[in-house]
Amino acid sequence: MGARIAVAEDSVLLTEGLVRILQRAGHDVVTTVADADALRAINIDDIDLVVTDVRMPPGDGDDGLRAAVTLRERRPGLPVLVLSQYVAAAYARRLLDSTSGATGAVGYLLKERVGRVDDFLRAVDTVCAGGVVIDPEVVAKMFSPNVIDRLTPRESEVLQLMAKGASNSEIAATLVVSDAAVAKHVANIFTKLDLPPESENRRVRAILMYLAHR
């Protein structure tokens, strides 16, 4: 069953392209808006995903991104996939800071990725499922990937499942181990990746390091 999606984009041509791609994949585009004020006013209880541009009217700055963050404050965990024309790590960090702990369900892609339809649709599915997708060019500016080499094969496997949006209990079921074992692996991952308890969104940041390493 497809997702119910709201598309926020001020370019008519890109909006039409996104709608066609999503509908062909079986998704339902329930609304399209062309400015950030209209995006803030959508009924977030009726949608499964927001796809939005960063730069939108009325300010033509990062209005779309700020509107998406506002929606996630109103509904924590609302899946949001942000599209950007620029490699801007600061924008991605702002989006990640809206994840409310371990929630995830965010994506940040360069607009050029939309032309790679399969990659774009995989990102849509991953974010809808609670995973995290950040454009490789953006991730490269955010983290040094070599720290992933500190993990054991099992810890890497756990982190890979985390990146797909799996909870600890789901990881335990997949790997046929106890919840306690998974919790220990996750704690080890945080320690080895230099993510102390006071770090914000440790789970999401660990996932980003994994994505940078791939």
Side-chain angles (χ1 to χ4, degrees), residues 1-12 14-54 56 62-84 91-92 94-111 113-135 138 161-171 173-174 201 203-204 207-208 211:
M1 182 177 178
R4 298 167 299 171
I5 299 175
V7 173
E9 169 60 55
D10 62 320
S11 165
V12 174
L14 184 53
T15 297
E16 291 183 357
L18 288 169
V19 170
R20 289 180 182 178
I21 289 171
L22 293 166
Q23 288 179 338
R24 277 195 217 126
H27 299 297
D28 180 16
V29 179
V30 296
T31 187
T32 62
V33 297
D35 65 73
D37 291 339
L39 176 57
R40 288 188 181 89
I42 66 172
N43 186 349
I44 54 177
D45 294 327
D46 288 341
I47 58 174
D48 303 311
L49 172 70
V50 172
V51 177
T52 182
D53 189 5
V54 169
M56 295 185 69
D62 61 349
D63 299 59
L65 175 65
R66 288 188 285 111
V69 170
T70 298
L71 293 180
R72 283 179 63 88
E73 290 172 351
R74 285 166 44 196
R75 180 180 151 190
L78 172 68
V80 170
L81 177 56
V82 171
L83 305 178
S84 176
Y91 288 160
R94 190 181 307 178
L95 180 65
L96 293 169
D97 287 341
S98 74
T99 55
S100 301
T103 303
V106 291
Y108 184 98
L109 292 182
L110 296 180
K111 284 189 175 181
R113 304 284 174 188
V114 177
R116 304 173 190 177
V117 175
D118 290 343
D119 290 347
F120 172 66
L121 291 175
R122 274 195 294 271
V124 167
D125 292 341
T126 298
V127 173
C128 282
V132 177
V133 177
I134 304 294
D135 197 283
V138 178
L161 291 170
M162 287 165 59
K164 293 180 179 179
S167 64
N168 282 11
S169 59
E170 290 170 335
I171 294 171
T174 299
N201 303 324
R203 197 177 186 94
V204 172
I207 290 168
L208 287 174
L211 294 174

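Because the structure is a prediction, the values reported are computed rather than measured.
For the pair Leu71/Arg74, a side-chain contact is recorded, criterion being any heavy-atom separation below 4.5 Å from C-beta on. For the pair Asp28 and Ile5, the minimum side-chain heavy-atom distance is 4.5 Å or more. Residues Val132 and Tyr108 are not in side-chain contact: their nearest non-hydrogen atoms beyond the backbone lie 4.5 Å or more apart. Residues Leu65 and Thr52 are not in side-chain contact: their nearest non-hydrogen atoms beyond the backbone lie 4.5 Å or more apart. Taking the side chain as every heavy atom from C-beta outward, Val33 and Glu9 never approach each other to under 4.5 Å.
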- request: Just do the side chain to side chain contact (heavy atoms under 4.5 Å, CB included) check on Val127 and Val80 with the steps written out, would you?
  value: CA-CA 7 Å; Val127 173; Val80 170; 5.8 Å; no
- request: Output, in order, the C-alpha distance, side-chain angles, deciding distance and verdict of side chain to side chain contact (heavy atoms under 4.5 Å, CB included) for Arg72 and Val106.
  value: CA-CA 10 Å; Arg72 283 179 63 88; Val106 291; 3.4 Å; yes
- request: Show the numbers, then the answer: is there a side chain to side chain contact (heavy atoms under 4.5 Å, CB included) between Phe120 and Val133?
  value: CA-CA 10 Å; Phe120 172 66; Val133 177; over 6 Å; no
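The shortest non-hydrogen separation linking Met56 to Asp10 is CE-N, 4.3 Å. The two residues Gly77 and Ala105 come nearest to each other via the heavy atoms O-CB, 3.8 Å. Val29 and Gln23 get closest at one heavy-atom pair: CG2-CG, 4.3 Å.
Going from atom OG of Ser11 over to atom CG of Leu83 covers 11.5 Å, rounded to the nearest 0.5 Å. The CG atom of Leu18 sits 10.5 Å away from atom OG1 of Thr32, with the distance rounded to the nearest 0.5 Å. Distance CG/Leu121 to CD1/Ile21: 7.0 Å, rounded to 0.5 Å.
Under a 3.5 Å cut-off, the side chain of Thr31 and the backbone N or O of Ala6 do not form any donor-acceptor pair. Using a distance-only test at 3.5 Å, with no hydrogens or angles considered, no donor-acceptor pair links the side chain of His27 to the main chain of Gly2.
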Identify each donor-acceptor pair in which a side-chain atom of residues 34-50 lies under 3.5 Å from a protein atom, sequence neighbours left out, and give them as a table.
from: Asp35; atom 1: OD1; to: Asp37; atom 2: N; distance (Å): 3.0
from: Asp35; atom 1: OD1; to: Ala38; atom 2: N; distance (Å): 2.8
from: Asn43; atom 1: OD1; to: Asp45; atom 2: N; distance (Å): 3.1
from: Asn43; atom 1: ND2; to: Asp46; atom 2: OD2; distance (Å): 3.0
from: Asp48; atom 1: OD1; to: Arg4; atom 2: NH2; distance (Å): 3.1
from: Asp48; atom 1: OD2; to: Arg4; atom 2: N; distance (Å): 2.8
from: Asp48; atom 1: OD2; to: Arg4; atom 2: NE; distance (Å): 3.3

Per-pair distances, 0.1 Å, donor-acceptor, side chain in residues 162-170, under 3.5 Å, sequence neighbours excluded:
from: Ser167; atom 1: OG; to: Ser169; atom 2: OG; distance (Å): 3.1
from: Ser167; atom 1: OG; to: Glu170; atom 2: N; distance (Å): 3.3
from: Ser167; atom 1: OG; to: Glu170; atom 2: OE1; distance (Å): 3.4
from: Asn168; atom 1: OD1; to: Arg203; atom 2: NH1; distance (Å): 3.1
from: Asn168; atom 1: OD1; to: Arg203; atom 2: NH2; distance (Å): 3.0
from: Glu170; atom 1: OE1; to: Ser167; atom 2: N; distance (Å): 2.8

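Residue Arg20 qualifies as open at atom CZ: its count of foreign heavy atoms under 6.0 Å is 12 or below.
A salt bridge (Lys or Arg N to Asp or Glu O under 4.0 Å) with Arg113 is found for one member of Asp119, Asp135, Asp118 and no other, namely Asp135.
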